[in-house]
J.: 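Got a structure here, written out as structure tokens. Questions coming.
Order of appearance sets the numbers: ligands from 1, and atoms from 1 within every ligand. Only heavy atoms go into these numbers, but all of them, side chains included; no hydrogens, no water, no symmetry mates.
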Amino acid sequence: MAQRGQVRRERARIRSDHFSTGPYRGFVDTPGAVIQYVPRSGIVDLGWGHPLPALLPVEQWSDAGRTALREHGWQALTYGAAPGPGPLIAWLTDHLAEGDHSTRASEIFVTNGASHGLALVADLLVDPGDVVLVDAPTYHLAFPILRDRRAELVGVPTDDRGVHPARTAELLERLARDGRRVPMLYIVPTFANPTGRCLPPERRVELVDLARRAGLTIVEDDTYRELAYDGPAPPSLWSLAERGTVVRLGTFAKTVAPGLRLGWINADEDLVRRLTGLGYIHSGGGVNHTTALTMATFGTSGAYRRHLSAVRGHYAAQRDALVAGLRASAPDLRISVPGGGWFLWAELPPPVTASALAPVAEAHGVAYVEGSRFFADGAGGDRAIRLSFSMLPPDELQQAAARLGEAVRSAQAR
Ligand SMILES: Cc1ncc(COP(=O)(O)O)c(C=O)c1O
């Protein structure tokens, strides 16, 4: 009981902390709101990981919707097959095989997106009180999903190339000696949120090997794989592992539209069977059936391929504009140029910290997310900030960079 109360208070703290500052301010309690994003007057906001509105495929999606309804008739509107509709699974199977590894149809379960996929997998794998390892830094909104399972989150040891497999093995040994169960590790190894970086290939192999030996399931959040700008993404952990070691989360949120709330899980057949056997799937059918069938049409018609190629070009140009702007206007920031995804990680010049800079930046009309939010225990990242280039056109990104440069100089002078 006491533990439950503590978990509730911790969740409330995280939520109020998360929603009361920075770019998320206000979005939970805006009655009648249609969308999550809340613009703030006078602020060019680099905090939001949302798409540029003009890149959302309104016309193409409505064409696909009409075609899917014509093609499937009433079957598009009734209860769907448990793992997701056959046409989407068939298209995904072919599509994923063009990427880095073949996936059998029986290894796919259609979800409401990557967040839903994580919640489902955590539900099946994690018991209250378990330790879940998380990359450090990693996608901060995964933390409340995992804490909903009453897991204790522990950051993995890292260096400047990402998770350190040998030191993670030592951590696992220590946790085992303390009698802790560690069923899973969550990581975004490709064009990561928040750093934009990729785990190097040799570390991928070592990590997968460690997980196999330790009986640990790696949950690979592969949300950004297809948004690669400078060449192909590195092989997924899923493609490197024996079945049963890695579960991969995919989503159409970034490549098509987040409002679809559509994605998939790649997992061994046994886990897919457990997912299809869940009570609420039995009761309500496969999730998001009508949208999933529309996505199948969007995929097979070639619209997905055309759209992806167009958005890649735009997001690459947005990244380039932000990088060029920062190099010209904020040369004291240490940045690494991401090869894909939506985010850039910038390190601040000492003694400036992300929390001290935030109000100065807002006074200069620019906002970001503080680095510490991406560490499960909040310890780390105090000198780093996450800048998102997904939601703003190149000229606004250049303006944001100029404002950030002024803010950093002003904070340095204090
Ligand atoms: C790494 C990562 N995983 C998951 C999500 C959310 O995905 P979805 O909208 O499919 O739930 C995001 C969105 O920002 C993300 O960056």
J.: Once the angle between the rings of Phe375 and Trp345 is folded into 0 to 90°, is it parallel (under 30°), tilted (30 to 60°) or perpendicular (over 60°)?
T.: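 Phe375 and Trp345: tilted rings.
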J.: Could you tell me whether a side-chain N or O of Arg149 sits under 3.5 Å from a main-chain N or O of Val126, the two making a donor and an acceptor?
T.: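 Flag set: sc Arg149 to bb Val126 pair under 3.5 Å.
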J.: Between Asp222, Asp221, Ile187, which one has a non-hydrogen atom sitting closest to atom 1 (C) of ligand 1?
T.: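 Closest candidate by heavy-atom distance is Asp221.
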J.: Between Asn112 and ligand 1, does any nitrogen or oxygen pair lie at a separation below 3.5 Å?
T.: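 Among all N and O atoms of Asn112, none is under 3.5 Å from an N or O of ligand 1.
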J.: Can you tell me the protein heavy atom closest to atom 9 (O) of ligand 1 and the distance?
T.: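 For atom 9 (O) of ligand 1, the nearest protein heavy atom comes out as Ala253 CB, 3.4 Å.
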J.: Is Arg243 close enough and on-axis enough to Trp238, meaning under 6.0 Å and within 45°, for cation-pi?
T.: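 Cation-pi check for Arg243 and Trp238: passes.
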J.: In terms of residue, atom name and distance, what is the protein heavy atom nearest to atom 13 (C) of ligand 1?
T.: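 For atom 13 (C) of ligand 1, the nearest protein heavy atom is Lys254 NZ, 2.7 Å.
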J.: Aromatic rings His50 and Trp48: how do their planes relate, parallel, tilted or perpendicular, breaks at 30° and 60°?
T.: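 Perpendicular, since the angle between the ring planes exceeds 60°.
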J.: Would His116 count as being in polar contact with ligand 1, using the rule that some N or O on each side must be under 3.5 angstrom apart?
T.: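 Checking ligand 1 against His116, no N or O pair falls under 3.5 Å apart.
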J.: Looking at Gln75, is its backbone amide N or carbonyl O close enough to the side chain of His289 to form a donor-acceptor pair, meaning the two atoms are under 3.5 Å apart?
T.: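 Yes, the answer is positive, given that a donor and an acceptor are paired below the 3.5 Å cut-off.
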J.: Between Asp209 and Arg213, is the closest basic N to carboxylate O distance under 4.0 Å?
T.: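 Here Arg213 pairs with Asp209 in a salt bridge, since their nearest N and O are under 4.0 Å apart.
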J.: Under 3.5 Å between some N or O of ligand 1 and some N or O of Ala114?
T.: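 Yes.
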J.: Would you say Phe252 contacts ligand 1, with heavy atoms under 4.0 Å as the rule?
T.: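 It does not; every heavy atom stays at 4.0 Å or beyond.
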J.: Specify the protein heavy atom at minimum distance from atom 10 (O) of ligand 1: its residue, its atom name, and the distance to 0.1 Å.
T.: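 Ranking protein heavy atoms by distance from atom 10 (O) of ligand 1, first comes Thr251 OG1, 2.6 Å.
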J.: The criterion is side-chain hydrogen bond (donor to acceptor under 3.5 Å, both in side chains); which residues satisfy it with Gln318, sequence neighbours excluded?
T.: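 Scan of Gln318 (side-chain hydrogen bond (donor to acceptor under 3.5 Å, both in side chains), adjacent residues dropped) gives none.
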J.: In the protein, which heavy atom is nearest to atom 6 (C) of ligand 1, and how far is it?
T.: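 Ranked first by proximity to atom 6 (C) of ligand 1 is Ser115 OG, 3.4 Å.
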J.: Taking 4.0 angstrom as the limit and counting only heavy atoms of Tyr224, give me the atoms of ligand 1 inside it, by number and element.
T.: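 Within the 4.0 Å cut-off of Tyr224, ligand 1 contributes 1 (C), 13 (C), 14 (O), 15 (C), 16 (O).
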J.: Which residues pass the salt bridge (charged side-chain N to carboxylate O under 4.0 Å, His left out) test with Arg327, not counting sequence neighbours?
T.: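 Partners of Arg327 by the salt bridge (charged side-chain N to carboxylate O under 4.0 Å, His left out) criterion come out as none, since no residue qualifies.
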J.: Check each atom of ligand 1 against the heavy atoms of Thr223 and keep those under 4.0 Å away; list them by number with element.
T.: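 This gives 2 (C), 3 (N), 4 (C) as the contact atoms.
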